[in-house]
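Structure first, commentary second.
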Amino acid sequence: MEGEASVNKLHTQIEIKPQGQEPPPPSSSVVDNSEMDIQPEGKLPFFKSRYRQRASDTWLISLLVILHLVAFITTTLFNYFSTGSVFFQPLSENPLLGPSASTLDKVGALRRAFLVQNHLNWRFFVCPWLHAGIIHFSINISCMIFIGIHLERDYGPLRIGVIYLLSAFFGSLVCSLFVRNNPVVASSGALFGLLGTMLSGLIRNWKVYSSKGAALAALFTVLATNFLLGLLPYIDNFANIGAFISGLLLGFVLLLTPQIRQMSKNKAGLFECGVKHAKSTVKLKQKLALDRPILRSISLMLFVILLSGCLVALFLGIDINHYCGWCRFIDCIPYKRWSCNDGPNTCEIMKSNSEMTLTCLYNGNTRVFPFTNLSQARINDLCAMIC
């Protein structure tokens, strides 16, 4: 009896813990995350961490920064050879510490007279690369790097490059409908196009991201800063508004879901956004796939209508300032330290051996300058400054 009990006990142990049994096959309900390129336990930051990112991922923004830098250096050199003494005009003449108005005219700024009388349409393509001064350049480029790098990493250089160029051109078209007889540049327009793209990407993937309030706060902080900067002379705010609308619509057309890559659990971006479980993400992607054709078609149709309308208005020579008397205050706020006057300025000129005296016939202001060998364009700059 004791022998049989031992055998049964041994037999029971062998049945409970069999040797060499293969693990059960995986359930069909488990989703393969490698095919989806999503880690359920990971995080998708809106502004992605730079961890495990290649330098080649930001070649587009790097190239754009170099092009803007070359254009700014060229403008500075033009100003130096035009004035013969300084690279930047004083704040009393240019509150953004930049070139004179005549220099901006030479390098490609937009002005009503150039479009209506001379039909210099090449300025549409040059104006988006010009900056009004070192202050404008520093703020604009810093914001472009901050926003552009993360957009390029999330959505790729091709889509962001197309949106950047189209938004810059559309901003110049809108600028031409509101521009007055003061030179203006539109380099901030492309930045506003990226801001519109960022907003459309956030709205487009609203359920994918968390901490959306922080992302929106960063977006509108950059937007408000550059819009306030556009209230100074030489920067066109209507180009910014037009480019923002363009970037928003083109973002809905071209952007899909962001490119999600493997990240370390110990590394985090500026704004981190949790990703749902794999099954929830699959359902979300299926729902977004159904909405894409409608959203993209409507956005593309609106963009084409706006672009066509601006082109027709440009060819007809429409000046919206004739129908909107207060629109000029969106572009430039008058202040005692600068002038937003776009009317003709006339000054009386008196020259001596080493000095030149200008007297504005509009307000009676007089200024003595310690030089006499100035071009007529430069004299017009000084006359506009004192008037």
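When a residue number appears, it is its place in the shown sequence, counting from 1. Below, each value reflects all heavy atoms present in this structure, side chains not excepted, and no hydrogens, waters or symmetry copies.
In this structure, CG in L130 is found 7.0 Å from CG in L104, a value given to the nearest 0.5 Å. In this structure, CG on L248 lies 11.0 Å from CG on L195, to the nearest 0.5 angstrom. To the nearest 0.5 Å, atoms CD1 (I145) and CG (N140) are separated by 10.0 Å. Considering CG of L223 and CG of L194, their distance stands at 12.0 Å, rounded to 0.5 Å. Interatomic distance, N226 CG to M144 CE, rounded to the nearest 0.5 Å: 11.5 Å. Remark: L63 CG to L60 CG distance equals 6.5 Å, nearest 0.5 Å.
No side-chain heavy atom of R367 sits under 4.5 Å from any side-chain heavy atom of L382. Side-chain contact between V107 and V126: absent, with no pair of heavy atoms (C-beta onward) separated by less than 4.5 Å. Using a 4.5 Å heavy-atom cutoff, the side chains of V184 and C175 are in contact. A heavy-atom distance below 4.5 Å is found between the side chains of F72 and I134. For the pair I163/Y155, no side-chain contact is recorded, criterion being any heavy-atom separation below 4.5 Å from C-beta on. Residues F252 and L199 have side chains not in contact (no heavy-atom distance under 4.5 Å, counting atoms from C-beta outward). Looking at F125 and N121, their side chains never come closer than 4.5 Å, going by heavy atoms from C-beta outward. When side chains are defined from C-beta on, L250 does not count as touching V162, because their heavy atoms never get closer than 4.5 Å.
Sorted by first and then second residue, the salt bridge (charged side-chain N to carboxylate O under 4.0 Å, His left out) pairs with a member in residues 302-312 form an empty list; sequence neighbours excluded. Applying the side-chain hydrogen bond (donor to acceptor under 3.5 Å, both in side chains) definition to pairs two or more places apart or across chains, those involving residues 228-242 are N237-N240. Applying the side-chain hydrogen bond (donor to acceptor under 3.5 Å, both in side chains) test to every pair with at least one member in residues 64-73, sequence neighbours left out, gives these pairs: H68-Y164. Residue pairs meeting the salt bridge (charged side-chain N to carboxylate O under 4.0 Å, His left out) criterion with at least one partner in residues 84-105, sequence neighbours excluded, are E93-R378, D105-R111.
Side chain of S297 to main chain of P293: a donor-acceptor pair is present (N/O by atom type, distance under 3.5 Å, no hydrogens or angles). R112 places a side-chain N or O within 3.5 Å of a backbone atom of S176 that can act as its donor or acceptor partner. Not a single donor-acceptor pair under 3.5 Å links the side chain of S167 to the backbone N or O of A190. Between the T58 side chain and the I61 main chain, no donor and acceptor come within less than 3.5 Å of each other. Side-chain atoms of S200 come within 3.5 Å of backbone atoms of T197 as a donor-acceptor pair (strictly under, hydrogens ignored). Remark: the backbone N or O of I386 is paired with a side-chain donor or acceptor of N365 at under 3.5 angstrom. Looking at S142, its side chain never comes within 3.5 Å of a backbone N or O of I139 through a donor-acceptor pair.
F244 and I320 fall within the same hydrophobic cluster, defined by Ile, Leu, Val, Met, Phe, Trp and Tyr side-chain heavy atoms under 4.5 Å apart, directly or through other members. I66 and I160 are assigned to two separate hydrophobic clusters, defined by single-linkage of ILVMFWY side chains at heavy-atom distances under 4.5 Å. The hydrophobic cluster containing I318 also contains V312, counting ILVMFWY residues as joined when their side-chain heavy atoms lie under 4.5 angstrom apart, directly or transitively. By the rule that hydrophobic residues join a cluster once side-chain heavy atoms approach within less than 4.5 Å of another member, I333 and W326 end up as members of one cluster. Criterion: ILVMFWY side-chain heavy atoms under 4.5 Å apart, direct or through other members. Under it, V70 and I141 are not part of a common hydrophobic cluster.
Ring geometry for F178 against F238 counts as parallel: the plane angle stays under 30°, on a 0 to 90° scale with 60° as the upper cut.
Every residue meeting the side-chain contact (heavy atoms from CB on, under 4.5 Å) condition with Y335, not counting sequence neighbours, appears here in chain and number order: R337, W338. Checked against disulfide (SG to SG under 2.5 Å), C347 has the following partners two or more places apart in sequence or in another chain: C383. Considering only residues two or more places apart in sequence or on other chains, F124 meets the ring pair (Phe, Tyr, Trp, His ring centres under 6.0 Å) condition with none of them. A search for salt bridge (charged side-chain N to carboxylate O under 4.0 Å, His left out) contacts involving R180 returns D342, not counting sequence neighbours. Residues satisfying the disulfide (SG to SG under 2.5 Å) criterion with C143, sequence neighbours excluded, are absent altogether. With sequence neighbours left out, the disulfide (SG to SG under 2.5 Å) criterion links C332 to C340. The salt bridge (charged side-chain N to carboxylate O under 4.0 Å, His left out) check on D331 picks up nothing, with sequence neighbours excluded.
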### Message
Test side-chain contact (heavy atoms from CB on, under 4.5 Å) on L219 and I147; report intermediate values, then the result.
### Response
CA-CA 9 Å; L219 187 153; I147 300 295; over 6 Å; no
### Task
Evaluate the side-chain contact (heavy atoms from CB on, under 4.5 Å) criterion for residues H136 and L232: first the C-alpha distance (whole Å), next the side-chain angles of each, then the deciding distance (0.1 Å), finally the verdict.
CA-CA 10 Å; H136 181 207; L232 300 177; over 6 Å; no
### Message
One pair to check against side-chain contact (heavy atoms from CB on, under 4.5 Å): L255 and R159. What are the steps and the verdict?
### Response
CA-CA 7 Å; L255 300 188; R159 293 189 181 99; 4.3 Å; yes
### Query
Given the rule in the side-chain contact (heavy atoms from CB on, under 4.5 Å) test, do L177 and C310 qualify, once you have shown the distances and angles that lead to the verdict?
CA-CA 8 Å; L177 302 180; C310 290; 4.2 Å; yes
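Residues R123 and A109 approach most closely at NH1-O, 2.6 Å, considering heavy atoms. T366 and T357 get closest at one heavy-atom pair: CG2-CG2, 3.6 Å. Contact detail for K106 and S82: the closest heavy-atom pair is NZ-OG, 3.2 Å.
Heavy atoms from other residues, nucleotides or ligands lying under 6.0 Å from CZ of F369 number more than 12.
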Distance-only donor-acceptor hits, side chain of residues 298-309, under 3.5 Å, sequence neighbours excluded:
{"from": "S299", "atom 1": "OG", "to": "L295", "atom 2": "O", "distance (Å)": "2.9"}
{"from": "S308", "atom 1": "OG", "to": "V304", "atom 2": "O", "distance (Å)": "2.8"}

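Of the residues listed (N94, D381, N79), the one engaging Q89 in a side-chain hydrogen bond (donor to acceptor under 3.5 Å, both in side chains) is N79, and it is the only one.
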